[in-house]
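What follows is a short report on a single structure.
Excluded from the calculations below are hydrogen atoms, water molecules and symmetry mates; all remaining heavy atoms, backbone and side chain alike, are included. Throughout, a chain's letter reflects where its sequence line sits, starting with A, and its residues are numbered from 1.
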Amino acid sequence: MIRKLAIIILFFYVLALLQTSFLVNFGINGMIPNLILISVILINIFEKPEKKYGIFSAFIGGFFLDIFSERFIGFEILILTAIACFIKLILKKYVRVQITKRV
Amino acid sequence: MAQFFKTKTAIILILIICFFLVLNLIGLSKPVKSFFYSLSLPIQKTLWQAGDGVSDFFDSIAHSKYLGEKNKELLSNNQELLSENALLKELKKENEILRQALNLDLQKEFQLILAEIISKDISQDFILISKGSNDGILNDMAVITAEKALCGRIYEVYDNFSKVVLISNPEISFDAKVPKESEDEIYGVIEGKGSLNLYFNLIPQDKEIKQEDIVVTTSLGGIFPKGLLIGKIKEIKKSDVRPFQEAEVQPFFSLKNTEILFIINEY
């Protein structure tokens, strides 16, 4: 479990660095893809609803976004965590057909 | 059991919110951010340079079609500039002699602090630079490129890093002018529109501005030194209904090809 958490932390740290230092050079009209948001959404969609790694990913992803932005710490954490919770809730309550095999 | 878990989750969420509120209110977020910036500095520097190189490579492929034309245009521009430069050198020499004759010491140079760009904020109108309060950086200092094009001003200072708010940030507005030789100068206000876009507003209706006109800073606002390059007029929006004209400005600074910036310490 600790290994998985460490991998998530490292993964999102690398994504945040890529997003703020590498991808900014490839912006189209000043817009760059938010890799962290995309990853958080994908992890939460493809994860089993009872698992909590998606929420943890949202928390860590939001933390790194906050660190490398001008906003106060907690802004992105709350937004991403809310998105993760919302996805989990929708999948748990309203999605009955399992289209993909969740990991 | 389910009720217990719901209550537990709610308590955890409230605790997390309280924790962040306290963290920001007592000013602990600054050292936390500073720690991560110091930790990430070498990686970010490498990534920025790599990204810059790769984007330059793709840009050159994308624009290879126009390179020949561009080269011709630049060569002719270069010739013009060289002759202009020779003329200006002569004028400078003359000016220096006149100054000496009048015993005036009007030539004031900016005191500059060199800094490297480390990262750019995802909201696109903030950048992080590698100098902070330890290097004498203070809030509201002007940040320029090597070509003396205005980039922004210092927004937040850490020990070894500073955040720069770009002039294209929607919260930024300051006085600017279009310098004219023959007629009166045109004064207006530069406003940031986000995503590296700028507008030149509050231009009187009776003044005539043209595309490619250069916009520079004035000393009216007291934020930036006068005469710094801002950008070129790209598109003019004139309407009889409005009391003022508005123009879109193409900023001179480009973060794509910039690694080094200068902070004006004194002017």
Side-chain angles (χ1 to χ4, degrees), chain A residues 9-10 12-40 49-50 52 54-56 58-86 88-89 92-93, chain B residues 9 12-13 16-25 28-30 32-37 39-41 43-56 58-59 117-128 155-156 163-166 168-169 193-197 255-258:
Chain A
I9 293 171
L10 197 69
F12 280 101
Y13 179 58
V14 171
L15 278 191
L17 290 179
L18 273 177
Q19 201 168 300
T20 53
S21 301
F22 186 79
L23 282 180
V24 284
N25 291 295
F26 302 93
I28 301 162
N29 286 334
M31 312 281 277
I32 52 160
N34 192 336
L35 293 182
I36 290 180
L37 177 68
I38 295 167
S39 306
V40 165
E50 63 272 13
K52 302 284 180 213
I55 306 280
F56 180 73
F59 187 89
I60 293 299
F63 176 74
F64 284 124
L65 275 183
D66 282 331
I67 287 292
F68 294 106
S69 80
E70 90 283 6
R71 294 188 194 96
F72 59 89
I73 296 179
F75 181 82
E76 297 280 357
I77 294 175
L78 291 176
I79 290 177
L80 288 190
T81 314
I83 290 172
C85 291
F86 180 72
K88 284 220 173 285
L89 187 86
K92 208 172 177 180
K93 288 208 167 181
Chain B
T9 317
I12 291 171
L13 267 173
I16 289 170
I17 293 168
C18 290
F19 172 73
F20 287 123
L21 273 175
V22 171
L23 192 77
N24 288 295
L25 284 174
L28 261 175
S29 63
K30 215 171 170 178
V32 173
K33 282 188 177 189
S34 194
F35 166 75
F36 274 97
Y37 293 154
L39 191 76
S40 320
L41 177 67
I43 311 166
Q44 283 192 296
K45 219 187 240 181
T46 318
L47 282 173
W48 181 275
Q49 281 162 359
D52 200 23
V54 176
S55 96
D56 278 353
F58 283 114
D59 269 358
I117 301 176
I118 301 169
S119 76
K120 197 171 148 192
D121 191 273
I122 43 163
S123 59
Q124 298 294 303
D125 293 300
F126 279 88
I127 51 171
L128 191 70
Y155 177 77
E156 202 171 359
K163 247 176 201 163
V164 177
V165 57
L166 300 178
S168 53
N169 188 290
K193 293 284 173 185
S195 303
L196 305 177
N197 293 315
L255 290 177
K256 265 192 173 180
N257 306 311
T258 313

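Between A:Ile83 and A:Leu80 the shortest side-chain heavy-atom distance falls below 4.5 Å.
In this structure, the separation between NZ on B:Lys163 and NZ on B:Lys33 is 4.0 Å, given to the nearest 0.5 Å.
B:Gln44 places no side-chain N or O within 3.5 Å of a backbone atom of A:Ser21 that could act as its donor or acceptor partner.
Looking at A:Phe59, the atoms closer than 4.5 Å to chain B (heavy atoms on both sides) all sit in the side chain, from C-beta outward. For B:Ile118, the part sitting under 4.5 Å from any heavy atom of chain A is the backbone (N, CA, C, O) and nothing else. For a residue to count as touching a neighbouring chain, one of its non-hydrogen atoms must lie under 4.5 Å from one of that chain's; by this rule B:Val165 does not touch chain A. Contact annotation for A:Leu18: both backbone and side-chain heavy atoms come within less than 4.5 Å of a heavy atom of chain B. Both the backbone and the side chain of A:Ile67 come within less than 4.5 Å of a heavy atom in chain B. Heavy atoms closer than 4.5 Å to chain A are found nowhere in B:Phe19, neither backbone nor side chain.
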Review point. Going through the checks in order, is the side chain to side chain contact (heavy atoms under 4.5 Å, CB included) test met by A:Phe72 and A:Asp66?
Key: CA-CA 7 Å; A:Phe72 59 89; A:Asp66 282 331; over 6 Å; no
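Residues A:Ala16 and A:Phe68 approach most closely at CB-CD1, 3.9 Å, considering heavy atoms.
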